[in-house]
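We count residues from 1, following the sequence as given.
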Amino acid sequence: ASKPVYDYVRDSGVWCTDTNNGYYLKVNISDIVFDGIHFQANGGNTLEIATSQADSVIDGVTVNNCTFTGVGTTSASGIAIRFYTDNQGENTPNVKNLTVKDTTIENYYQGIYTSGAANTTVTGCTIKNTGHNAIALQSSKYCNLGNAVVTDNTFENIGDRVIRIGMADVGSKFTITGNTATNSGDDKGEMIKDAGTKADVTYIIKDNSWDMSANILNTVAANGVTLFKTAADTYVTSSEMCVAQINDIMYPSLSDAIKAAKSGDTVTLMADLDSIGKAILPAGVTLDGDGHKLTGDSSVYTSANGGTVK
């Protein structure tokens with residue numbers, strides 16, 4: 001048997017019988033900023049921000065005006081920024097709010113990889129020469145990835161999809177605007193890949209400069225529209241499917257929109273509706289018919305604390 005060893009990480013005063021029982025660390029960190037740093041890779045992942053503990057919380061990491069220089073584009077070359085949790089599939093992810101802005105990443109297998117993380121923003125960045133995806137927004141289990149924003153970035157020589165999205169749960173929203181991509185996409189021409197996400201995931205894709213002959217979101221080429229993922233695993237525009245909206249988020253039913261509404265929101269009808277049954281507006285929520293009608297077996301009530309119908 002091995003000699004007892006002391007766990008200097010926990011420093012709990014408890015000796016471990018072997019090294020397999022030591023070195024677990026709970027991490028609670030927030031508002032960490034990396035600013036103006038040049039990262040030179042030596043193989044493997046460069047900036048690794050991750051946890052395997054369910055009770056750890058990593059909330060708020062900003063990478064600003066940095067450069068990452070990798071050593072190649074094979075899988076052994078690693079990832080420039082990895083933001084990850086093993087505690088995936090939660091409605092309230094314990095790893096969240098990564099912002100990467102005005103940063104250059106070059107010569108890696110992948111640029112930015114997140115898994116199980118909510119509210120990722122990548123803006124004003126340049127990502128060049130990757131063997132795989134430039135940006136991955138994924139989870140190994142269904143997870144609400146929150147509001148993911150990819151705006152005003154430049155992508156060059158991306159060896160696979162520019163953006164890879166996977167296992168996003170209900171309520172996830174992806175805003176992809178103002179990006180430029182050259183010599184990028186997989187061998188089928190896909191710039192964005194959505195795999196395994198649920199219905200009720202919203203995509204806002206507009207003002208991007210890339211080859212529109214390439215598939216975006218698999219079979220749907222869309223620029224300047226909001227796409228809504230349906231239960232049939234297809235994509236439709238708001239005019240084809242959705243009947244109500246809150247700001248720029250579209251919903252396939254009035255009940256879905258009311259359920260998502262918070263005090264101060266306005267739910268706006270996008271179509272005439274027939275026989276929707278009874279809908280109850282929460283306090284502080286306004287229903288704006290915008291010239292549309294509710295007919296048949298349709299009733300709208302306000303809550304005891306008061307909503308507004310106009």
Side-chain angles (χ1 to χ4, degrees), residues 2 4-34 39 44-64 68 75 78-101 108-122 132-133 135-150 163-175 193-202 229 259-260 262:
S2 60
V5 294
Y6 188 70
D7 184 348
Y8 290 98
V9 175
R10 288 183 293 189
D11 196 23
S12 62
V14 176
W15 286 71
C16 303
T17 57
D18 58 66
T19 55
N20 292 326
N21 294 323
Y23 306 105
Y24 286 94
L25 178 64
K26 175 182 177 181
V27 176
N28 289 323
I29 60 176
S30 62
D31 301 328
I32 304 299
V33 178
F34 300 87
F39 294 87
N45 302 334
T46 299
L47 182 57
E48 175 103 13
I49 304 168
T51 180
S52 60
Q53 294 294 95
D55 55 352
S56 291
V57 176
I58 302 174
D59 183 1
V61 174
T62 298
V63 180
N64 179 57
F68 291 77
S75 59
I79 303 166
I81 301 172
R82 184 173 183 262
F83 197 60
Y84 178 92
T85 177
D86 280 330
N87 185 43
Q88 300 192 10
E90 300 295 325
N91 289 327
T92 54
N94 63 329
V95 172
K96 52 194 171 184
N97 296 320
L98 170 69
T99 298
V100 184
K101 59 183 180 179
Y108 280 88
Y109 180 61
Q110 292 194 75
I112 300 168
Y113 177 90
T114 70
S115 190
N119 304 330
T120 298
T121 296
V122 182
H132 199 39
N133 307 309
I135 299 173
L137 306 167
Q138 301 185 164
S139 182
S140 61
K141 299 178 181 178
Y142 283 116
C143 179
N144 187 341
L145 300 181
N147 293 323
V149 178
V150 180
I163 303 170
R164 175 69 156 79
I165 298 166
M167 301 295 280
D169 207 344
V170 174
S172 302
K173 175 185 174 183
F174 300 92
T175 301
K193 174 72 173 182
D194 165 9
T197 64
K198 286 188 177 180
D200 297 354
V201 171
T202 300
K229 187 167 185 178
K259 186 184 300 182
K262 298 178 178 60

Inset, instruction - Can you sort out the partners of Phe174 under ring-ring contact (aromatic ring centres under 6.0 Å, His included), two or more places apart, ordered by chain and number? - result: Tyr203

Inset, instruction - Kindly compute the distance separating OH (Tyr108) from CG (Asn45), expressed to the nearest 0.5 Å. - result: 9.0 Å

Legend entry - Residue list, ring-ring contact (aromatic ring centres under 6.0 Å, His included) with Phe68, at least two apart or on another chain: Phe39

Legend entry - Flag, side chain of Asn28 to backbone of Val57, donor-acceptor distance under 3.5 Å: yes

Legend entry - Whether Asn144 side chain and Gly146 backbone form a donor-acceptor pair below 3.5 Å: yes

Inset, instruction - Using side chain to side chain donor-acceptor pair (under 3.5 Å) as the criterion, list what pairs up with Asn97, not counting sequence neighbours. - result: Asp59, Asn119

Legend entry - Shortest non-hydrogen contact from Ala168 toward Leu145: CB-CD1, 4.0 Å

Legend entry - For Arg164, salt bridge (Lys or Arg N to Asp or Glu O under 4.0 Å) partners two or more places apart: none

Legend entry - Tyr84: ring-ring contact (aromatic ring centres under 6.0 Å, His included) partners, not counting sequence neighbours: none

Inset, instruction - For Thr120, enumerate each residue passing the side chain to side chain donor-acceptor pair (under 3.5 Å) test, keeping only those at least two apart in sequence or located in another chain. - result: none

Inset, instruction - Kindly write out the residues that satisfy side chain to side chain contact (heavy atoms under 4.5 Å, CB included) with Thr62, not counting sequence neighbours, or none if the list is empty. - result: Val33, Asn64, Thr99, Lys101

Inset, instruction - Drop me the distance from Lys96's NZ to Ser30's OG, to the nearest 0.5 angstrom. - result: 10.5 Å

Legend entry - Shortest non-hydrogen contact from Pro93 toward Gly116: CB-O, 3.4 Å

Legend entry - Residues which pass side chain to side chain donor-acceptor pair (under 3.5 Å) with Ser140, listed by chain and number, not counting sequence neighbours: Gln88

Legend entry - With Thr114 via side chain to side chain donor-acceptor pair (under 3.5 Å) - residues at least two apart: none

Inset, instruction - With rounding to the nearest 0.5 Å, note down the distance linking CZ in Phe34 to CD1 in Ile49. - result: 4.5 Å

Inset, instruction - For Leu137 and Ala148, work out which heavy atoms get closest and say how close. - result: CD1-CB, 4.0 Å

Legend entry - Point-to-point distance, once rounded to the nearest 0.5 Å, from NZ of Lys141 to CG of Asp169: 13.0 Å

Legend entry - Heavy-atom check, side chain of Ile112 versus side chain of Phe83, under 4.5 Å: no

Inset, instruction - Looking only at non-hydrogen atoms, find the nearest pair between Gln110 and Ala136 and report the distance. - result: OE1-CB, 3.9 Å

Inset, instruction - Starting at CG of Asn133, measure out to CD1 of Ile163 and round the result to the nearest 0.5 Å. - result: 10.0 Å

Legend entry - side-chain contact (heavy atoms from CB on, under 4.5 Å), paired with Ser56, selected from Val95, Thr51, Thr85, Asp86: Thr51

Inset, instruction - State which residues pass side chain to side chain contact (heavy atoms under 4.5 Å, CB included) with Asp55; sequence neighbours excluded, sorted by chain then number. - result: Lys26, Gln53

